[in-house]
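Below is one structure, written out as structure tokens; comments come after it.
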Amino acid sequence: MGDIFLKLITGFEHALSLQNLGFCLMGVFIGTLVGVLPGIGPITAIALLIPFSFGLEPMTGLIMLTGVYYGSMYGGSTTSILIRTPGEVASIITTLDGYEMAKQGRAGPALSTAAIGSFIAGTFSIIGLMFLSPIIAKGAYYFGAAEYFLLMVLSLSMISSLTTGSVLKGYISTLLGLAIATVGIDPQSGVNRFTFGNTNLLDGIDFVLFAIAMFAVPEALSNMAKKGNEYKTDVQKIQGSLWMTRDDWRKSIGPYGRGSVLGFLIGALPGIGPSLASFLSYAMERRLSKHPEKFGKGAIEGVSGPESANNAGVGGALVPLFTLGIPGSATTALLLFIFMMYGLQPGPGMFETNSTLIWAIIASMYIGNVILLLLNLPLVGVFASILKLPTVPLFVGVLAFSVIGVYALNFNQFDLFMLLIFGIVGYLMQQSNIPLAPAVMALVLGPLLEQNFRRSMSISNGDLFIFFERPISLALIILIVLVVIVPNIVLLIKKWRQKGVPPHRLGIRG
Amino acid sequence: MNNIAAGSVSLLVSLIYTIFAFQIPPSSFKSAQVEPDLFPIIIGSLWILASLVLLIRGGIQNRTVTVKGINGTEKASEENDQEIDDDNLLKQDRGKLIVILLLILVYIILFIPLGYIISTAIFIASLTMYLERKQWIRNLIYAILFPIIVYLVFNYLLAVNLPT
């Protein structure tokens with residue numbers, strides 16, 4: 001116990017250096033901005049910032065990019081509340097009651113409760129991360145290649161089956177990502193796969209390129225190519241007091257606590273990010289409420305719960321990343337990639353070998369959450385005013401940044417053509433309601449999946465029984481089967497019970 | 001795109017992928033337990049399967065929708081997520097999309113020959129003018145300032161050299 005605090009203090013010493021503090025501030029500031037801007041989420045922002053972070057120290061770069069991630073969760077609610085468009089996916093559910101509150105002239109309390117809930121839950125989840133991670137990291141020493149393989153299969157099945165509407169489309173997206181992951185030289189045998197004699201393809205498809213192509217380009221295309229000539233949005237005004245009344249506080253305290261715990265636990269599961277956490281929190285608050293009929297009509301609990309849950313989800317999502325090296329969402333997949341870009345391998349060993357780095361990141365998150373609270377409460381009006389940014393220059397800028405970001409990866413024109421091709425693929429997927437996040441996550445996990453499968457096979461001499469032998473692996477197999485089968489059963493039951501009740505589904509992406 | 005179109009495209013790509021997967025040569029190491037073509041073949045086969053299911057589902061949906069159109073019954077089936085999700089998507093103008101894509105293509109072709117600043121200025125100017133001609137003053141200022149600022153930041157602050 002004392003050990004943890006000692007390490008945390010060392011972490012603070014590093015995180016409070018002028019440089020790290022400055023980049024932490026920059027990270028959370030950019031995070032809030034991209035959170036506010038609809039169509040530009042943390043993934044796009046982190047991917048586009050990667051060329052900027054090449055030159056930074058690993059610690060500074062990671063502090064900044066993690067800051068973008070949790071900062072975006074703060075900003076997302078502002079947009080949901082003021083224009084009923086989620087700033088990023090984890091805030092979809094906030095549009096229901098947040099926008100209603102704004103329409104009733106209570107935008108101030110809605111924004112405050114979102115910011116305060118985010119702070120409480122964000123801080124809670126870092127405490128959780130701090131105590132849970134070392135324990136899991138110790139446990140993970142008993143994980144062999146077979147367990148890692150199964151854990152990744154579990155992650156991929158979860159992200160596929162818990163995304164937008166159709167489970168099937170989630171799987172198609174995952175398989176596309178896995179297929180793209182096989183392009184290039186096979187590291188074990190040295191055989192070229194799907195390179196078609198093109199030397200540019202030997203190293204495979206660059207992950208950052210793919211993430212930009214899947215997230216930045218389709219969003220820019222669909223916003224610019226929409227019908228009509230109107231590129232304007234209606235922004236609700238922030239009238240009256242920003243402060244919450246005593247009644248608002250009383251109603252929000254419960255959702256803060258429940259949202260924090262729920263969000264952290266959901267976020268910590270592999271394959272599920274903060275978005276599902278916010279959705280579940282809303283469902284839970286409505287169920288627990290004495291007056292569920294007020295939900296959807298401006299109930300403050302419908303804002304405070306989900307906004308706490310999605311921030312707690314960030315801390316949760318970092319647990320499997322730090323301890324097992326397995327990302328829980330597309331955004332953490334990108335963070336995993338950044339660790340590897342700096343030559344670091346997240347996993348159980350990292351708490352030993354790179355202890356200072358990890359604790360500095362954790363310490364920076366405490367600082368970042370305080371900065372965010374200070375930034376968001378008084379400056380919410382300033383952030384809201386960027387919603388008036390005109391759409392066309394914004395997305396033209398996103399495209400131009402995507403091109404320069406991808407070019408700066410390898411200084412290669414071929415990459416730019418790949419960006420366009422995969423951008424079109426992403427656009428077509430988006431237009432067909434195929435979720436994009438699973439493909440991005442599958443591209444990161446693909447090589448690790450194959451590597452761990454091969455390792456298990458060479459340990460067992462080609463005997464597939466290795467996946468059933470040990471209790472942990474057997475439990476994982478059962479979980480996978482459940483994740484793959486349960487949603488289908490639920491669907492069947494719903495169909496069976498369906499008596500003209502309109503389906504109520506919301507898009508949830510990791 | 002509806003499920004039939006998406007399923008067909010996905011099926012076509014997955015078939016091509018799987019055909020090439022079967023042509024991956026074996027590993028030169030005799031001891032290898034897992035040949036390099038194993039994963040691609042498994043992925044390709046699952047992908048074909050998933051695409052087929054999507055295609056068939058699309059076909060069924062299409063039929064129920066037409067039948068419904070005739071009988072005039074109201075509610076869509078539970079599995080028919082198409083109609084719900086379509087509300088979230090912005091209605092797209094295909095003509096505009098093609099022009100935008102062509103402009104991007106021209107931009108990345110000219111990126112190296114013309115250098116970063118000139119090619120980007122042309123790209124931003126042409127795209128913003130195409131979409132919002134009325135705001136031409138703003139568009140021109142943006143088209144000139146954006147590439148210059150980005151160029152300076154990359155070249156001097158980040159020491160990343162862009163083509164000139």
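FYI, side chains are in, hydrogens and waters are out, and symmetry mates aren't considered; it's all heavy atoms of this structure. Numbered from 1 within each chain, the chains take letters A, B, ... in sequence-line order.
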Query - ring pair (Phe, Tyr, Trp, His ring centres under 6.0 Å) partners of A:Tyr171, counting only residues at least two apart - result: none
Query - Aromatic ring pairing A:Phe467/A:Phe149, orientation class (parallel under 30°, perpendicular over 60°, tilted between) - result: tilted
Query - Residue, of A:Ile424, A:Thr174, A:Val191, that accumulates the most heavy atom pairs under 4.5 Å with chain B - result: A:Val191
Report summary line: With chain B, the option among A:Pro393, A:Gly446, A:Gly462, A:Ser458 that has the most non-hydrogen atom pairs under 4.5 Å is A:Pro393
Any idea which of [options] has the most non-hydrogen atom pairs under 4.5 angstrom with chain A?
| options | answer |
| --- | --- |
| B:Thr128, B:Ile112, B:Leu49 | B:Ile112 |
| B:Ile100, B:Leu97, B:Thr120, B:Asn139 | B:Leu97 |
| B:Val13, B:Ile109, B:Asp37, B:Leu38 | B:Ile109 |

Less than 4.5 Å to any heavy atom of chain A: does that hold for the side chain of [X], its backbone, both, or neither?
| X | result |
| --- | --- |
| B:Leu105 | both |
| B:Phe123 | side chain |
| B:Ala5 | neither |
| B:Phe146 | side chain |
| B:Val150 | side chain |
| B:Pro26 | backbone |
| B:Arg138 | side chain |

Check each atom of [X] against the heavy atoms of chain B and say whether the ones under 4.5 Å are side chain, backbone, both or neither.
| X | value |
| --- | --- |
| A:Leu221 | both |
| A:Leu428 | both |
| A:Leu449 | both |

Is there a side-chain contact between [X] and [Y] (heavy atoms, below 4.5 Å)?
| X | Y | value |
| --- | --- | --- |
| B:Trp47 | A:Leu176 | yes |
| A:Ile83 | A:Pro38 | yes |
| A:Gln430 | A:Glu219 | yes |

Report task. Examine distances only and state if a side-chain atom of A:Lys226 and a backbone atom of B:Asp93 form a donor-acceptor pair shorter than 3.5 Å. Result -> no
Donor-acceptor contacts, no H, no angles, side chain residues 395-411 of chain A, under 3.5 Å, sequence neighbours left out:
unit_1: A:Ser402; atom_1: OG; unit_2: A:Val398; atom_2: O; d: 2.7
unit_1: A:Asn410; atom_1: ND2; unit_2: A:Asp415; atom_2: OD2; d: 2.8

Query raised in the report: Is a salt bridge present between A:Arg193 and A:Glu450, judged by a nitrogen-to-oxygen distance below 4.0 Å?
Result: yes
**Report entry** Other residues, nucleotides, ligands: >12 heavy atoms within 6.0 Å of B:Ile118 CD1
**Finding:** no
Requested in this report: Count the heavy atoms belonging to other residues, nucleotides or ligands that lie under 6.0 Å from CZ of A:Phe196, then report whether that count exceeds 12.
Outcome: yes
